[in-house]
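Keep in mind that this is a model prediction, so the values were computed, not measured.
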Amino acid sequence: MDSATEAFVAHRNLLFTVAYEMLGSATDAEDVLQETWLRWAAVDHETVREPRAYLVRITTRQALNRLRAMGRRKESYVGSWLPEPLLTSPDVAEDVELSDSVSMAMLLVLETLTPTERAVFVLRDVFDLEYAEIAEAVGKTQVAVRQIAHRARNHVAARRPRGAVSQAESRSAIEAFQRAIATGDLQDLVDILAPDVVLLGDGGGIKQAVPKPVLGADKVARLLTAGLGRVGHQISTEPVYVNGSPAMVLRLDGELDGVMALCIEDGLIAGLYYVRNPDKLSWMRTETIVSR
């Protein structure tokens with residue numbers, strides 16, 4: 001490989017993760033990487049002192065353009081929009097900061113930021129870039145970037161999931177949830193759900209899903225037992241890691257029906273994110289590498 005290709009390949013996983021955290025869509029993140037490569041290939045590389053920083057800058061600019069365009073698409077999206085789930089290895093969960101930053105719950109929090117706030121937060125708080133590098137990437141002064149970072153940080157802190165959860169605690173919660181789903185026992189299901197649990201469903205207008213958030217342990221438990229009870233023995237569940245966090249793959253008659261990602265707090269399930277839109281399930285076939 002020539003030096004340009006070598007540099008791109010060396011940082012590809014990082015660039016994908018930057019784009020994915022900014023967009024919440026792996027498909028769009030891949031498109032951004034293609035655009036980044038085309039621009040990188042046209043650069044006079046003898047003038048580039050820090051390939052990593054330069055590539056992150058290109059990726060950020062392309063992701064910002066894509067993020068603004070996606071905002072218009074989301075306005076006409078049918079039902080709740082959830083991030084595109086990624087099948088990840090258990091190793092990702094061991095990096096607490098990385099798994100937190102790519103989790104479904106965090107990506108949904110990032111959706112509440114403006115595009116520029118999201119870019120600044122991701123680059124500074126997740127990837128620890130210097131303010132000067134971020135300023136170049138988003139086209140702002142360093143003073144403005146510091147203000148944006150402070151504002152975004154406070155916004156995220158007020159909405160992000162509470163604290164880290166150990167892998168043992170996560171496994172225990174998902175095993176209890178899986179048992180309750182398998183037996184259809186309503187009380188067992190209520191017992192593993194946080195009182196203020198929220199269930200979101202994304203069918204994209206292609207598959208049936210809850211049209212709006214369902215709040216509260218009793219309502220969520222009754223909805224799940226009723227819905228899964230209708231398909232009975234035809235449904236099977238498999239514990240996996242999605243976006244660095246515990247999740248379940250649900251199969252109907254052996255075919256992939258959807259992915260249910262979980263947010264666990266204090267040993268209870270505080271968030272359930274059920275993606276059924278088949279257009280968003282292509283990244284569940286093989287594990288995706290994410291990195292910082």
Exercise for review: Could you pull out all residues at least two apart from Ala93 that satisfy side-chain contact (heavy atoms from CB on, under 4.5 Å)?
Suggested key: Gln167, Tyr241
Side-chain donor-acceptor pairs of residues 47-59 under 3.5 Å, sequence neighbours excluded:
from  : atom 1 : to    : atom 2 : distance (Å)
Thr47 : OG1    : Asp44 : O      : 2.7
Thr59 : OG1    : Thr36 : OG1    : 3.4
Thr59 : OG1    : Leu55 : O      : 2.9

Exercise for review: Could you label the plane-to-plane angle of the Trp81 and Tyr77 rings as parallel, tilted or perpendicular, counting under 30° as parallel and over 60° as perpendicular?
Suggested key: perpendicular
Review point. Can Asp28 and Arg73 be counted as an ion pair, charged N to O under 4.0 angstrom?
Key: yes
Exercise for review: Name all residues meeting the side-chain contact (heavy atoms from CB on, under 4.5 Å) criterion together with Pro213; count only those two or more places apart in sequence or in a different chain, and write none if there are none.
Suggested key: Ser80, Val198, Leu200
**Study point:** Results of salt bridge (charged side-chain N to carboxylate O under 4.0 Å, His left out) for Arg153 - residues two or more places apart only
**Key:** Asp125
Check your understanding: How would you list, by chain and number, every residue that makes a side-chain contact (heavy atoms from CB on, under 4.5 Å) with Ser76, sequence neighbours excluded?
Key -> none
Residues 8-15, side-chain donor-acceptor partners within the protein, below 3.5 Å, at least two apart:
from  : atom 1 : to    : atom 2 : distance (Å)
Arg12 : NH1    : Glu30 : OE2    : 3.3
Arg12 : NH2    : Glu30 : OE1    : 2.8
Arg12 : NH2    : Glu30 : OE2    : 3.0

Exercise for review: Would you confirm whether Ser25, through its side chain, and Glu84, through its main-chain N or O, come within 3.5 Å as a donor-acceptor pair?
Suggested key: no
Check your understanding: Under 3.5 Å, is there a donor-acceptor pair between the side chain of Lys280 and the main chain of Leu82?
Key -> yes
Exercise for review: Give the other cluster members for Ile206, using side-chain heavy-atom distances under 4.5 Å between Ile, Leu, Val, Met, Phe, Trp and Tyr residues; answer none if it is isolated.
Suggested key: none
Review point. Does any donor atom in the side chain of Tyr20 or Asn243 lie under 3.5 Å from an acceptor atom in the other side chain?
Key: yes
**Study point:** Carboxylate-amine/guanidinium proximity below 4.0 Å for Arg179 and Asp188
**Key:** no
Practice item. Can you measure from OG1 (Thr17) to CE (Met22) and round to the nearest 0.5 angstrom? Key: 13.0 Å
Review point. To the nearest 0.5 Å, how far apart are CD in Glu133 and CD in Gln142?
Key: 10.0 Å
Check your understanding: Can you list every pair that meets salt bridge (charged side-chain N to carboxylate O under 4.0 Å, His left out) and has a residue in residues 101-117, with sequence neighbours left out?
Key -> Lys74-Glu111, Glu111-Arg118, Glu117-Arg151
Study note, to complete from the structure: The salt bridge (charged side-chain N to carboxylate O under 4.0 Å, His left out) partners of Lys212 (sequence neighbours excluded) come to none
Exercise for review: Give the C-alpha distance, both sets of side-chain angles, the deciding distance and a yes or no for salt bridge (charged side-chain N to carboxylate O under 4.0 Å, His left out) between Asp128 and Arg292.
Suggested key: CA-CA 9 Å; Asp128 201 29; Arg292 286 190 294 153; over 6 Å; no
Review point. What residues form a side-chain contact (heavy atoms from CB on, under 4.5 Å) with Ser172, not counting sequence neighbours?
Key: none
Study note, to complete from the structure: For Arg222, the salt bridge (charged side-chain N to carboxylate O under 4.0 Å, His left out) test, sequence neighbours excluded, returns Asp218
Point to revise | Residues Asp202, Arg276: salt bridge by 4.0 Å N-O rule | key: no
Check your understanding: Tell me the salt bridge (charged side-chain N to carboxylate O under 4.0 Å, His left out) pairs involving residues 238-249, sequence neighbours left out?
Key -> Glu238-Arg251
